[in-house]
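What follows is a short report on a single structure.
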Amino acid sequence: MVHGPFSASQRPRTAPLRRPRLASVPVMAAPPEPDAEVAPAATLSIYKAARRIKRRASTLYNALRSVAEDAAFVAEVAALWPSLPLVANLRCGLWYAPPRAFAATCYFKSTDGHAGNWSFSTARLNLHLALLAGERGGCVIVDSTRRGKRFPDSMSKTIPIWCSVLNRAIERHRLRAIHKGGKVNNEVPSAMLNVGAENNSGSSNWDSSVHLPVWILGTEKNAIEGRIDEWTDLFESCGADIHSLAIASASDGVATQRMSSEFSWHYIPGAGDDEESWARGLTPALFWKHSYDLLDAGPNYCNQLVGDIVEKDRVYRAQRGEHSPQITAKSLMSLDGPKSNGDQASEMCTMNLDPCTSTMDAQCSNNEPQIFWIGISNLAVSSTFLDALLGVDCILNCDSTSKLPCNSTENSCLELSIVGSKDDRFSLMKNLQKAVDFASRNLIAGRKILVCCQNGEDISICVVLAIVTLLFDDNGCFDHGKSFVKRDITKLEMRKRLVFICKFAVNARPSRGNLKQVYGFLSSEKERLDADLLRHVPDHYFFKMSHQSLQPL
């Protein structure tokens with residue numbers, strides 16, 4: 001995101017700023033521990049001196065002030081194009097506007113745009129964003145990057161690649177329709193369509209070329225352009241609904257030392273990035289709820305106030321039965337020796353550092369978790385932060401940290417303690433058979449099933465993927481697993497069903513580790529079923545009649 005300087009006095013305020021009252025917060029000061037880095041100035045190496053300077057600039061208050069300044073720039077840009085919806089690229093984009101200002105969220109990874117590692121991800125199609133932009137005439141995506149880059153790679157390359165692939169697929173779709181007189185013919189070779197697109201480029205206003213920033217080298221641009229057709233073939237093969245698509249920050253050169261109100265603070269480019277390293281449990285929703293008090297607290301009281309806010313939110317969620325572990329925040333050693341008051345207080349505060357809390361805020365603009373129904377399959381996904389379960393007959397809870405209220409009958413609720421692949425590489429795989437059996441019993445009975453996990457974006461999506469692949473046919477109809485026995489299990493087949501799920505669950509962000517477990521489970525289940533079938537087939541079935549003679553297969 002491009003940052004722009006602004007005056008803090010221009011920021012509209014809805015309430016008078018005042019220093020928060022902190023006398024009621026108990027402060028348990030601990031004597032500073034000896035630190036090898038705290039040494040006489042005469043003995044400091046250049047490396048240690050540079051680290052001290054960097055730590056002095058990268059304080060929590062500086063980060064929040066920087067976010068607020070960049071958020072004012074985002075508001076200015078949004079005001080220039082009021083008809084275009086504002087979209088946050090997860091996760092750091094959520095910091096730069098109040099939750100109600102975002103019409104949607106998207107998920108473009110910078111790693112897909114890294115030089116030599118360009119990629120088009122079918123697990124992150126963001127088709128809802130394309131539909132939204134088509135309906136509204138465009139959109140404004142908010143993202144940020146750390147110091148050293150003018151643009152994040154997600155904006156300079158990942159999104160341009162995504163746009164080009166989708167446009168190329170739409171252009172092919174239109175050409176097929178023209179060649180068949182309005183009917184889609186999927187048998188037209190893609191190579192012929194690519195040639196047709198080049199020949200018709202002069203007479204058609206459909207732009208499917210790659211538009212990269214001017215600072216991208218020509219060699220890199222040519223390498224990316226050379227793979228667009230390959231990625232378009234991949235996109236078309238995954239079963240995406242292309243027909244619906246067819247109708248459908250400041251650079252380092254600016255001054256970084258800022259003065260506003262009574263405080264001096266240091267501007268941090270892309271401060272919202274990598275929130276685990278600086279936010280100390282604060283989420284975008286909590287920041288915008290208490291933004292005026294936090295910015296008015298000043299550098300000396302910011303850490304203490306953040307600790308108080310996060311702890312109150314943790315207690316509130318714990319009283320509602322939600323998962324809210326107590327984690328002691330790592331103390332920030334003062335750069336000049338002793339700790340400041342804010343650091344002393346924040347060291348004793350406990351806070352929730354679970355990254356899933358921030359992603360939960362993105363499920364909808366009013367911070368209320370949603371239920372996403374997967375077509376007419378009687379399957380739905382959501383997080384476990386639901387207040388009401390309307391239209392749900394039974395619950396498959398995959399959250400290892402919290403439980404949902406359900407009936408005492410065996411078929412009405414199943415609790416599976418599944419953790420992420422980073423904590424246990426086989427946790428999901430070991431529980432998928434129970435999940436599929438539970439779903440099969442209830443789908444046969446015509447019941448509606450809610451599959452939920454802590455954030456509703458990863459584990460629950462992967463569980464539904466396994467259920468849909470095993471128990472549903474290619475048209476999304478429940479067939480008791482008959483079609484699963486007949487077809488081969490490939491990554492392409494699994495990718496098609498993931499795209500089908502993501503069409504409805506637009507917040508889906510399954511991790512690669514969990515997807516690997518689903519594929520491993522499906523492959524082993526296929527092998528088991530094939531082995532059972534062979535054991536029950538009579539010997540004479542292994543011969544075929546050819547020219548009135550028996551030959552072994």
Side-chain angles (χ1 to χ4, degrees), residues 3 5-30 32 52-73 75 95-98 144 147 250 254-275 277-313 329-351:
H3 305 285
F6 84 114
S7 172
S9 61
Q10 296 175 354
R11 173 167 53 85
R13 304 190 178 201
T14 58
L17 300 180
R18 56 186 181 277
R19 189 181 304 282
R21 299 178 62 183
L22 304 172
S24 61
V25 180
V27 178
M28 300 176 62
R52 285 196 179 187
I53 295 173
K54 182 177 179 180
R55 290 175 63 185
R56 175 172 298 185
S58 303
T59 64
L60 176 59
Y61 184 76
N62 286 344
L64 295 181
R65 267 290 181 183
S66 303
V67 166
E69 174 152 325
D70 289 339
F73 171 72
W95 286 95
Y96 295 100
S144 69
R147 182 193 307 273
V254 302
T256 58
Q257 191 66 24
R258 311 288 173 90
M259 288 291 297
S260 60
S261 185
E262 57 188 301
F263 307 118
S264 174
W265 54 281
H266 188 87
Y267 174 74
I268 303 175
D273 194 18
D274 193 22
E275 61 191 57
S277 65
W278 62 267
R280 304 172 73 79
L282 194 69
T283 65
L286 285 177
F287 167 67
W288 286 105
K289 184 178 180 179
H290 304 276
S291 58
Y292 291 132
D293 288 337
L294 284 168
L295 300 180
D296 194 43
N300 293 333
Y301 295 96
C302 181
N303 287 7
Q304 183 175 352
L305 183 56
V306 167
D308 186 36
I309 291 171
V310 172
E311 175 63 12
K312 288 181 179 179
D313 178 68
K330 186 177 180 181
S331 63
L332 299 176
M333 180 63 64
S334 173
L335 305 174
D336 297 320
K339 301 171 186 173
S340 63
N341 294 335
D343 292 333
Q344 292 175 348
S346 63
E347 182 183 8
M348 306 309 298
C349 292
T350 54
M351 52 190 64

What is the minimum heavy-atom distance between Val306 and Arg280, and which atoms define it?
CG1-O, 4.2 Å
Return the minimal non-hydrogen interatomic distance between Ala297 and Leu305, and the atom names on each side.
CB-CD2, 4.0 Å
Let me confirm one number: the CG-SG distance from Leu64 to Cys302, rounded to the nearest 0.5 Å.
4.5 Å
For a side-chain contact (heavy atoms from CB on, under 4.5 Å) with Leu294, tell me which candidate from Leu286, Leu282, Leu60 qualifies.
Leu282
Would you say Tyr61's side chain and Leu295's backbone share a donor-acceptor pair under 3.5 angstrom?
yes
Under the rule for side-chain contact (heavy atoms from CB on, under 4.5 Å), what residues qualify as partners of Ala97, not counting sequence neighbours?
Leu86, Ala101, Phe102
Residues that Lys312 engages under salt bridge (charged side-chain N to carboxylate O under 4.0 Å, His left out), provided they are two or more places apart
Asp308
Can you check whether Trp95's main-chain N or O pairs, donor with acceptor, with Trp288's side chain at less than 3.5 Å?
yes
Check whether any side-chain heavy atom of Pro299 sits under 4.5 Å from a side-chain heavy atom of Thr59, and report yes or no.
no
